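Read through the structure below, which is laid out as C-alpha cells, and then see the notes.
Remember, predicted model here, so these are calculated numbers, not experimental data. So you know, we letter chains A, B, ... as the sequences are listed, proteins then strands, and number each from 1.
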Amino acid sequence: MAEHVYDPYEIESRWQRVWAQERTWEVSNEHDARGSDGNAYVLEMLPYPSGEPHIGHLKCYALGDAIAHFNRRLGRRVLHPMGYDAFGLPAENHAIKTGEHPRDSTAASIASFQRQFRSWGISIDWSRELATHEPSYYRWTQWIFLQLFRAGLAYRKEAAVKWCPHDQTVLANEQVDADGRCERCGHLVEVRQLEQWFLRITDFAERLLNDLDEIDWPANVKTMQRNWIGRSEGAEVTFRCDELGIDYPVFTTRPDTLFGATFFVMAPEHPDVLRLVEGTEHEHEVQEYVNTALNETNEERGNAEKPKTGVALGRTVTNPVNGEQIPMFVADYVLMEYGTGAIMAVPAHDERDHAFATAFGLPIRRVIEPAGGSDAADAGELPYTGDGVLVNCGQEFDGMANRDALGEIVAWLDTEGKGHASVNYKLRDWLISRQRYWGAPIPIVNCERCGTVPVPDEQLPVELPDIEDYTPKGRSPLAAAEQWVNTTCPECGGQARRETDTMDTFVDSSWYFLRYCDPHNDSAAWDPEALREWMPVDQYIGGVEHAILHLMYARFFCKALADLGHLDFQEPFAALFTQGMVTKDGAKMSKSRGNVVSPASIVERVGADTARCYILFVGPPDQDADWSDAGVEGVHRFLSRLWRLAAETAERTGAAGEQFDVSPAMEGEDLALLRKTHWAIDKVGGDLRRFAFNTAIAAVMELLNDCSRLRDAVEDETMRFALASAASLLFPFAPHVCADIYERLTGARVWEADWPHAEEELLETDAYELVCQVNGKLRDRVQAAAGAGPDELKELCKLAPNVQAHLDGKEIVKEIVVPGKLVNLVVR
RNA sequence: GCCCGGGUGGCGGAACGGUAGACGCAAUCGACUUAAAAUCGAUGGCCUGACGGCAUAUGUGGGUUCGACUCCCACCCCGGGCACCA
C-alpha cells in the first residue's frame with residue numbers, strides 16, 4: 001500500500017488552479033429559471049489595503065466564505081465579490097515620508113491582498129473586483145455626491161469643526177474618540193471655524209432609528225446606533241428677554257419642571273452672547289470667559305466631573321409659565337451643537353444645573369416630590385431626577401403626577417404660543433471634506449460670478465492630479481496644483497477654481513456594495529435591474545468597530561438614493577454578523593507588542609485549510625478568540641487524519657460515484673457509523689444556520705473519530721459514505737482538502753453536490769440510555785426501548801440496581817417521566 | 001453614571017430547564033521505533049488493588065422547580081459602547 005501523506009501545499013495549489021481556470025465562483029446577473037429567490041448576496045466588509053492582510057482578515061473572510069459555500073450548496077446562486085477601500089491617510093502619510101505616489105504603494109498592497117486571498121482559497125467572484133481609488137469607481141462616488149448636492153443633501157457652511165493638528169485635516173464628529181483625540185493618529189483635536197462640506201444625515205435620523213426594527217442585526221449594534229442617533233422627546237419653550245425684545249427658545253426633555261427654572265444658560269458659542277453684554281459692565285468679563293471656553297480642548301470641556309464655570313450676563317428672561325424674571329448666564333457646560341444652544345436651568349431636578357446653582361449661590365426650587373410623602377422633601381435629597389407629584393407649580397398643576405403634567409404643560413404652552421412639543425437628536429450632519437490629497441475630489445467649481453457650481457455629469461470623473469508635495473499645510477495639497485485648480489465655469493465659461501478638498505473615505509465605502517452588482521457599467525453607477533437581482537445584501541459580515549460609522553453612513557446613502565429614485569430598497573444589509581477580535585496572549589495584536597501572527601506564515605506552515613478551520617474552531621465567531629499555535633497543530637492533525645483515512649479508503653474503493661450502497665437495514669457497527677454520519681449531517685446543517693462554526697467542526701471531528709475507531713469493523717462502502725459525507729460537511733471550512741477527498745471517494749466535485757440530507761429514521765435509535773434520577777440526582781442508567789411508555793420507563797427505573805439502593809425504605813411521593821430522556825423519582 | 005456582552009477543568013470552549021465538561025489543546029502512561037519525531041491506544045476530583053462507590057462542582061448570596069450553567073432577585077469581577085446631549 002502506498003504511503004499517504006497529507007500535503008496541503010500540493011492539494012491547495014492544485015484546487016486553486018481549478019477554481020481560477022474554470023472561474024468557478026463567478027455569477028452572472030442573468031435571471032435563471034429559479035428566479036431571484038434562489039439568489040444570495042454574501043458580503044464581507046471590504047478591506048483597507050495596507051501592507052498585508054492580518055489575522056482579522058483571515059477570520060472575516062473564512063467566516064464569510066463558509067456562509068457563501070453553504071448557500072451555494074443549498075442551491076442558491078451566490079454573489080461573493082471583493083474590493084479594496086483604497087483611498088485614505090496611511091498611504092498618503094507614507095507618500096509624505098517617502099515620496100512614493102500613494103497610487104503605487106496602494107497597488108502594491110492590493111497585489112499582496114489579492115495573492116493572499118487566492119492562497120486562502122476564498123471563493124470570490126474576481127470578475128467583479130474593484131478599488132475605490134480607481135477613476136472608474138470614484139467617478140460614480142462623485143456622481144452620487146452631485147445627486148445629493150442637487151437634492152440639497154450636500155451643503156457647504158462655516159462651522160466650528162474638529163481639526164487634527166497632526167493630520168492637518170478636519171474630522172467627522174464620529175472620528176473623534178471619547179478623549180477628544182483623533183481616531184487615526186491619537187493627537188488631541190482642536191476646534192476651528194472653517195467652511196466645510198456636510199451631508200444632511202440628520203434629515204434621516206428618524207428613519208435611521210425606526211428602520212433598525214426591520215433588519216436582522218445584532219442587538220448591541222442596533223443599540224449603539226440608537227444611542228448615537230440619540231433621540232429625545234420633549235418641548236421647545238420660549239424664554240423672552242424683554243429688555244431687548246428677543247425670544248430665546250430652549251429644548252427640554254422635562255417641561256414638567258418648568259416652574260422650577262431659576263436661571264437660564266447660554267453656550268459660549270451662542271451668537272447672541274456678546275451682543276447681550278455689549279456696552280455693559282459685564283462685557284469685559286464675558287468676553288474673557290468666552291475666549292477661554294472656546295480655547296478649551298474637547299477633553300477639558302467634555303469632562304462632566306470638572307467644577308462648573310460661567311459668568312452672569314446681567315440680563316434676565318421671562319419664564320413663560322409663571323412670568324418670573326430669571327438671570328442669564330454663559331457657561332461652557334451648555335453645548336451649542338445640541339438643541340438651541342441655550343437651556344433653562346432647573347437646579348432642583350437636574351444634576352448639572354444643581355452643581356452650577358450651588359457654585360453660584362442661585363436659588364433652588366423643588367417642584368417634584370417623590371410619590372409617597374412630603375417628609376422626604378428635605379434639601380439633602382436634591383437634585384431629584386425621578387418621578388413624583390408636582391408642587392410649587394400653581395393651583396392648576398400642583399398635585400398632578402409629573403408625567404401627566406408634562407403633556408398638560410406643553411399643551412398649555414402651545415395654546416399660549418410659548419412653546420410646542422419637539423424632538424431632538426444627538427446625531428449631527430456628516431462632515432465630509434478633508435484637506436488631504438489621497439481621496440476623491442469633490443466635484444465642485446467655484447465661480448466668482450455663478451458661485452458654487454456642480455461639475456456636469458459628462459465631465460466626471462474629476463481626476464486627481466499628480467502633485468509634487470503631499471505635505472499638508474492647513475489646506476488641501478491639491479491647492480498647489482495650479483493647472484488643475486484653475487478651470488472654467490461650466491455655466492458661464494468664465495474663470496473659476498476647483499474645490500480642492502477631497503471626500504472622507506467613508507463616502508467611498510458607503511455604496512461599494514451597490515457597484516459590485518454592476519461593476520463594469522460605464523454609463524451609470526449601476527443598472528437598476530442588477531440591483532434588483534442582488535440587493536439588499538443577505539448577509540453582511542465585519543468587525544463591530546464599524547457599528548456606528550460605516551454601517552450608519554451606508555444606511556443613510558441607501559435611504560437618500562432611494563428617495564431620489566435610484567434604489568427601490570431602504571436598507572442595504574438585511575442581516576449582519578459581527579465577528580470578534582483575534583488576540584494573542586490575551587492582547588490585541590500589534591507591531592509594538594511584537595505579538596503579530598501573520599496569516600502568510602501560518603498558511604505556509606500548515607496550509608490554508610488548517611488556518612481557516614482553526615480560526616473558526618477556536619470559539620464562537622462573534623466572540624474574541626486568542627490565537628494558539630498548539631491549537632493550530634490540533635486542527636492540522638485532524639485534517640491530516642481525515643485526508644489519510646480517506647485516501648486509504650479511496651485506494652480500496654476507487655472513486656465509486658455519489659451513490660452509496662448504504663441503508664437503514666444495515667446492522668451492527670455499519671449501522672452505528674451510518675447513524676453517526678446522519679447525526680453529523682443534521683448537526684452541521686443546524687450549526688451553520690446559527691453561525692456555530694466551532695461546534696459544526698467539532699461534529700465532523702466526532703464523525704472522524706468514529707470512522708477511525710471502526711476502520712476495521714465496517715464495510716468499505718459504509719466508510720466511503722461516512723468519509724465523503726465528512727468532506728462534504730467540512731467543505732465550507734476547508735475547501736481544498738475536502739474537494740480532494742470528495743473527488744477521490746466519488747469522482748465528483750463537492751461544490752457541485754447538494755448539501756447532504758439527514759434521514760429522519762436514521763436520527764432515531766430503537767434503544768437509548770434512560771437516565772434514572774432519585775431526587776434529581778443521577779443514580780443509574782439503563783437501556784430503554786425507543787417506544788417505551790411512561791409506566792414502562794418508571795418500572796425500568798425502579799429496577800435499576802443503584803436506584804433501588806437509594807429508594808431503600810423510602811416513600812416515593814412523585815414520579816417525573818421525560819420520555820426519551822429520563823425518569824426522576826422523588827422520595828421522602 | 002447609563003446601556004450592552006461575559007464569568008464553566010491546567011487552557012480554548014460544549015450543553016432545547018433534564019447524564020455538566022462534547023470537541024480540541026496541554027499533561028501522564030502505554031504501543032510502534034535502535035532512538036526520537038510522527039502515528040495509534042489509554043487516563044483526567046476523591047476513596048478502592050480492581051469491580052464499584054461517593055461526594056463536590058458552572059463568579060457570590062438568595063429564590064422558583066421534581067430537577068437550574070440555563071429562569072427570577074441582589075451583589076462582585078472582567079470586556080465593550082456612550083457619557084455635561086438639557
Side-chain angles (χ1 to χ4, degrees), chain A residues 5 178 218-228 230-232 234 250-254 257 261 265 267 301-306 308 331-335 337-346 349-353 355-356 424-428 544-545 547-548 580-581 586 613-614 617-620 622-635 637-638 640-641 644 683 692 694-705 708-709 711 769-781 801-802 805 812-818 820-827:
Chain A
V5 179
N220 61 326
V221 175
K222 289 190 184 185
T223 305
M224 282 161 74
Q225 292 216 347
R226 284 193 189 104
N227 290 342
W228 192 262
R231 183 182 197 272
S232 295
V250 302
F251 175 73
T252 176
T253 55
R254 296 294 304 275
T257 63
V265 191
R301 173 112 181 238
N303 180 9
E305 306 300 307
K306 110 184 152 153
K308 295 279 177 283
D332 67 357
Y333 80 94
V334 175
L335 309 174
E337 315 94 83
Y338 186 77
T340 62
I343 61 153
M344 68 174 204
V346 184
H349 304 291
D350 181 279
E351 282 171 22
R352 299 149 300 178
D353 297 344
F356 190 87
N424 249 275
Y425 302 90
K426 287 193 221 173
L427 186 70
R428 307 285 142 75
V544 74
E545 66 273 18
I548 296 172
M581 217 173 34
C613 266
Y614 169 71
F617 176 67
V618 67
D622 55 334
Q623 283 174 30
D624 290 351
D626 201 59
W627 184 272
S628 140
D629 288 327
V632 174
E633 291 305 325
V635 173
R637 273 202 287 271
F638 159 62
S640 305
R641 287 203 297 137
R644 280 201 315 270
K683 169 85 176 146
N694 53 333
T695 52
I697 294 168
V700 181
M701 287 175 171
E702 278 195 58
L703 175 59
L704 175 65
N705 288 346
S708 300
R709 189 167 52 79
R711 62 199 301 173
E769 203 167 59
L770 179 74
V771 168
C772 305
Q773 296 180 335
V774 177
N775 285 350
K777 293 200 172 184
L778 171 72
R779 292 304 179 193
D780 215 333
R781 296 160 210 200
N802 199 41
I812 298 178
V813 293
K814 196 162 184 179
E815 297 168 335
I816 316 282
V817 182
V818 184
K821 280 269 192 262
L822 58 79
V823 174
N824 184 16
L825 304 174
V826 185
V827 302

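Checked against B:C82, B:U56, B:C84, the side chain of A:Lys777 finds its nearest nucleotide in B:U56.
Under the side chain to side chain donor-acceptor pair (under 3.5 Å) criterion, A:Asp629 pairs with A:Trp627, sequence neighbours left out. Residues that satisfy the side chain to side chain donor-acceptor pair (under 3.5 Å) test with A:Lys306, not counting sequence neighbours, are A:Glu296, A:Asp332. Checked against side chain to side chain donor-acceptor pair (under 3.5 Å), A:Asn227 has no partners two or more places apart in sequence or in another chain. Taking A:Val700 as the reference, A:Phe638, A:Val684, A:Ala726, A:Leu729, A:Leu730 meet the side-chain contact (heavy atoms from CB on, under 4.5 Å) condition, with sequence neighbours excluded.
Across all strands shown, A:Gly634 has heavy atoms under 4.0 Å from sugar-phosphate atoms exclusively, and none from any base. Using a 4.0 Å heavy-atom cutoff across all strands shown, A:Val771 reaches at least one base atom of the nucleic acid. Using a 4.0 Å heavy-atom cutoff across all strands shown, A:Arg779 reaches sugar-phosphate atoms only and no base atom.
Between A:Asn694 and A:Phe617, the closest heavy-atom pair is CB-O, 3.4 Å.
Two residues, A:Pro620 and A:Gly230, neighbour RNA chain B, and the one matched to the more 5' nucleotide by heavy-atom proximity is A:Pro620. Positionally, the nearest nucleotide of RNA chain B for A:Leu778 lies more toward the 5' end than for the other of A:Leu778 and A:Asn802.
Remark: A:Thr223 is not in phosphate contact with B:G81, judged by side-chain N or O atoms under 4.0 Å from OP1 or OP2. Of the side-chain N and O atoms in A:Lys821, none sit less than 4.0 angstrom from OP1 or OP2 of B:A15.
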What does the list of N/O pairs under 3.5 Å between the protein and nucleotides 62-66 of chain B look like, with a distance for each?
residue	atom	partner	partner atom	Å
B:C66	OP1	A:Lys814	NZ	3.1
B:C66	O2'	A:Asn824	ND2	3.4
B:C66	O2	A:Asn824	ND2	2.5

Please list, pair by pair, any protein nitrogen or oxygen found under 3.5 Å from a nitrogen or oxygen in nucleotides 26-32 of chain B.
residue	atom	partner	partner atom	Å
B:A26	OP2	A:Arg637	NH2	3.2

